[in-house]
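The structure under discussion appears below in the form of C-alpha cells.
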Protein chains: 2
Amino acid sequence: MLPKNAFRNSQKSSGLADLFSLSDQANTISFSGGYPDAALFPKKELQKAFQKRLTTAAPDLFQYRSVLGDLNLRQKLANYAQSLQIECSTEQIMFTQGGQQAIKLLASLFLNAGDGLAVEGPTYVGAIAAFNEYQPTYYEIPMEADGMNLDVLEEQLQTNQIKLIYTIPNFQNPTGYCMSIAKRKRLAQLAADYNALVIEDDPYRELRYAGQAMPPIKAFDKTGNVALIGSFSKILSPALRTGWVIAKRSIINDLANLRLAFDCQSPNVVLEAIDQYLTDNSLTDHIQQLRRSYQQKLATMLACLQKYLPDECHFSKPQGGFFVWVTLPAGLDAQKLLQLSKKVTFLPGSSMFVNSHEENHLRLNFTGVSLDEIQYGCQELGNLMRTALLTVQN
Amino acid sequence: MLPKNAFRNSQKSSGLADLFSLSDQANTISFSGGYPDAALFPKKELQKAFQKRLTTAAPDLFQYRSVLGDLNLRQKLANYAQSLQIECSTEQIMFTQGGQQAIKLLASLFLNAGDGLAVEGPTYVGAIAAFNEYQPTYYEIPMEADGMNLDVLEEQLQTNQIKLIYTIPNFQNPTGYCMSIAKRKRLAQLAADYNALVIEDDPYRELRYAGQAMPPIKAFDKTGNVALIGSFSKILSPALRTGWVIAKRSIINDLANLRLAFDCQSPNVVLEAIDQYLTDNSLTDHIQQLRRSYQQKLATMLACLQKYLPDECHFSKPQGGFFVWVTLPAGLDAQKLLQLSKKVTFLPGSSMFVNSHEENHLRLNFTGVSLDEIQYGCQELGNLMRTALLTVQN
C-alpha cells in the first residue's frame, strides 16, 4: 500500500484540472480554456530569435545561472515597468515559470496555515489551486463592475489579520471587469495601512480592445506592499512558461531563495530567446495584431450572447482580456447545464468562489475559438439555457 | 510594513543559497558547486536540435499542452526505463523542471506537517530545502559506504509512522557512496512492508567511471512503492531544467494535478529540442566523453587529497558522480575552515544532516573545475587543514 496523500490533497481533482480536460474534448466547441489563438503566435520571429541566440550565446548558456533570470531581459522589463510609473531596478525582478509560479512562490513565502488571504469572489481558479496548499483562511470580497468591493475589504482588514490580498485588476479572470483608478489608489493605501501585501496579477493588461489603460496598483505603492505579477503567456506564447514578479528587493531575495528549492531557475535558452525576440521585433506591433483579432472575437461573442441568450441571463461586457462572465437566473446550476451540454463546453463558476460557491455563473473564453465557433457555440448555449429554464419553470 | 514571512521562512538563507553564492565567488577555486564542466556541453548538437525542431514542429509548439510533457520524449524515456528492468508506460512519466521540482512535488503530495520522512545522513541540501516547507518529522539514517543503514531504518519504520524515504543510491550527494544491490532489494521490500514511498533520486546513474552499474531500486519494486527521479542536468545541460519522475500511474496523476498549480507544464520547445537531440545523436557517446573527462578529474582529486591532506583527514573514494566527501578529525569545524579559506571554497557538511549536524565534514566537487584547479585547490586545502590542526593541538 502507498502512504496516504497529505490531507489537503485528498480530493481527487482541482478546478484547474477540469479546465484543461474540458478544453481538450474532441468534437465540442470549447469556451472553457484560457488559450490564446494559436494562429497568432509569432512563430517565425520566435524561431529566428531562438536560432540567433543559440548561435551567438555566451558559453554559459547551458550552465546553471542566476535564479532571477537573464539580466538583459530583466533590464527590458524594468524599462517597461518604469514606463508604467513603477520604480523598478533589475534586482526587483525575478522571472518565473509563468505567472502561475509567481503566485505559488508568494503564497509559499507568506502563508502559514490559517493565515488570512483576501480574494475576489469570483477569482482565478488556478490561483485558488496554488493557495489551497497553504490552507489559508479565505476572505471572499465581492467583485463589482469597477473591481473588488473595498468597503467590504476594509471591514475585513479591520477585524481580521489579513496578510495577502490577491487581485486581477485588468479584465479579471473570470468576470472581465477592470478595477477603477480610484480603487487602485485606495487598495495600495489599504495594504500599507494594514501591513498586507497586494498580489497584483496582471496577465491581460496589454490586451485592451477599447477604452483607456489604467496605471497598475503597483504604481501607487510607496511602501513596497504590492507585488506585481505579469506574463508573456497571453501576449507571446504560454508554452514559453515565462512570467515575472516585480516587488520590493527584500521580497525578491526571499522568493529567489525559495525558488532554488522549487526548481532552481528558468531555462536560460528560453529567457535569452525572448530577449532576442524583443530586440529584433516590436512586441507592441504584435500585440496590436492580437488586439485586432481578439476585439473582433469579443464583439462577435457579445453580439451572439445578446441575440441567442434568453433575456433572463446576463453577461459582462469587458473591454479586453480573455473572458465573458454569464449569470443565469438564480436556481439554475451551471454545472448541471454543462452536464447536459453535448456540443459546447464552458467553465461553471462555482469553483471560482472560495466561500460562497455561487452556482449560477459560467465563464466563456473567446480568444481560443474561431468566429464561426463563437457563433455556433453561443447559439447552442442559448438553446441549452432555454431548455433548462423551461424545466425549472415547469 | 510588510506582512511577516511564514514561520518556516523566518531564517534568512538556506544551504542551497549558500551553495550557489559560494560557487560564484571570483578569484577562488570553487569545489562548492554541483556544476558540470561547461566545456563539455554538446552545444552545437543542442543548437541544431533546437533549430531543427523549431522549424519542423507542429503548430501547437507554442500553445499550452500536456502537463506530463512531450509524448515522444516520454516514449524514449520509457524505453530507457525498460532497459533498466523497470516496467514503465508513457503514462507513468512526468517531466519536471529539473529533478528538483520532482522532489518538491512528491513532498507536496504526501507530507502533512509532522509526517515522518527518512533521509540519509548526510543528504542533498536541495532536497532538505524542498522538504523543509512541509515541516516533516525527520529521521536521519546513517550513511554507510554501501548505502544507508537499513537496520536503523527498519527500527525507525517499526516504531514510527514514516511516509517517505529519500535516497540517492548512486554516487550519493554528498558522500559519493553507492547503495549495494542487496540493500536496494531490501529497501524496496521495506517500503512495501511498511506502506512507505521510496523517493529514489538518481541524477548520477550514468556517470560511473569504474565498476559495474547496479539496477535501480525501482527495478525491485513490485508494489508501486518507489518513485524514481532522473534528470538531464548532469548528463546534458542543467540550464534545460529538465528532469522526470517515474512512478505508479495514480501517483503521476496526482502529481500532474498538483503541477498545474505550481507552473502548469514544462516549456514545449525545450522538451521537443531534447527529443530531437536524442533522435539525431547518441547520448551514450556523449556520456562516454563525460566519463573520460570526469574520471580523470576524479583520479586527480583523489591523488591530490592523498598527497596533500594531513593523515588525520579521511575522504571517500567514489567510482562516479560529482563529489568527494572529506572527514576532518573530530573537533575541527568545516564551517570555520571555510571562513579561514581565501583561495578555495567548499561546502561544509553540517547543513547536510537534518538532525545531527556533524561539523567535521566537507563536500568537494571535482567536475566543475579544471585539473590545475584541482591540483592547486587540494594543496591549499591541505595547508588550511594543517594550520587548523596545529591550532587545535596547541
Side-chain angles (χ1 to χ4, degrees), chain A residues 1-3 5-7 9 13-14 16-17 20 35 38 41 43 46-47 50-51 54-55 59-65 67 97-98 100-101 104 108-112 126 129-130 133 163-164 195-197 224-225 237-241 254 257-258 260-270, chain B residues 1-3 5-7 9 13-14 16-17 20 35 38 41 43 46-47 50-51 54-55 59-65 67 97-98 100-101 104 108-112 126 129-130 133 163-164 195-197 224-225 237-241 254 257-258 260-270:
Chain A
M1 257 185 24
L2 289 173
N5 287 358
F7 301 128
N9 298 317
S13 176
S14 74
L16 209 56
F20 279 93
Y35 287 25
F41 294 136
K43 278 178 224 166
L46 283 170
Q47 283 165 6
F50 270 96
Q51 292 184 9
L54 278 157
T55 46
D60 68 343
L61 179 69
F62 293 112
Q63 186 62 286
Y64 287 114
R65 225 149 67 178
V67 59
Q97 294 299 113
Q100 185 68 38
Q101 191 183 43
K104 190 78 184 174
S108 171
L109 179 59
F110 286 105
L111 292 177
N112 300 303
E133 176 169 8
K163 273 186 158 181
L164 302 179
N195 305 330
L197 182 79
N225 287 60
S237 151
L240 298 175
R241 306 305 310 126
D254 285 351
N257 197 22
L258 274 187
L260 292 173
F262 273 72
D263 63 354
C264 296
Q265 59 161 93
S266 295
N268 302 334
V269 61
V270 173
Chain B
M1 260 186 21
L2 289 173
N5 288 356
F7 302 128
N9 298 317
S13 176
S14 74
L16 208 57
F20 279 93
Y35 287 25
F41 294 137
K43 278 179 225 166
L46 283 171
Q47 284 164 5
F50 269 95
Q51 291 183 9
L54 278 157
T55 45
D60 69 343
L61 179 69
F62 293 111
Q63 186 61 286
Y64 287 114
R65 224 148 69 177
V67 60
Q97 294 299 111
Q100 186 68 37
Q101 191 182 43
K104 190 79 184 173
S108 172
L109 179 59
F110 286 105
L111 293 177
N112 300 302
E133 176 168 10
K163 272 185 159 180
L164 301 179
N195 304 330
L197 182 78
N225 287 60
S237 150
L240 298 174
R241 307 303 311 126
D254 285 350
N257 198 22
L258 274 187
L260 292 173
F262 272 71
D263 63 353
C264 297
Q265 59 161 93
S266 296
N268 302 334
V269 62
V270 173

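These numbers were taken from a predicted model, which means no experiment stands behind them. Chain letters run A, B, ... following the sequence lines, proteins first, then strands; residues in each count from 1.
Nearest heavy-atom pair, A:Gln63 versus B:Ala239, reported as atom, atom and distance to 0.1 Å: O-CB, 3.4 Å. Closest non-hydrogen pair, B:Lys104 versus A:Ala261, comes out as CD-O, 3.5 Å. Contact record, B:Ala196 with A:Pro3: C-CD, 3.8 Å, taken as the closest heavy-atom pair.
How far CG of B:Leu258 is from CG of A:Asn5: 8.0 Å, rounded to the nearest 0.5 Å. Considering CG of B:Leu46 and CG of A:Leu61, their distance stands at 9.0 Å, rounded to 0.5 Å. The distance from the CG atom of A:Asp263 to the CZ atom of B:Arg241 is 6.5 Å, given to the nearest 0.5 Å. The CG atom of A:Asn225 lies 9.0 Å from the CE atom of B:Met1; values are rounded to the nearest 0.5 Å.
Counting heavy atoms from C-beta on, the side chains of B:Phe50 and A:Gln47 never come closer than 4.5 Å. In this structure, B:Asn195 and A:Leu2 have side chains that are not in contact, with every pair of non-hydrogen atoms separated by 4.5 Å or more. Residues B:Gln97 and A:Ser266 have side chains not in contact (no heavy-atom distance under 4.5 Å, counting atoms from C-beta outward).
Looking at B:Leu197, both its backbone and its side chain come within 4.5 Å of chain A, counting heavy atoms on both sides. Both the backbone and the side chain of A:Ala38 come within contact range of chain B, judged by heavy atoms closer than 4.5 Å. For chain B, the nearby parts of A:Asn268 are the backbone and the side chain; heavy atoms of each come within less than 4.5 Å.
Defined by atom type and a distance below 3.5 Å, a donor-acceptor pair is missing between the side-chain atoms of B:Asn9 and A:Asp254.
Between A:Phe41 and B:Phe62, the ring planes lie perpendicular to each other; the angle is over 60°, past the 30° to 60° tilted range.
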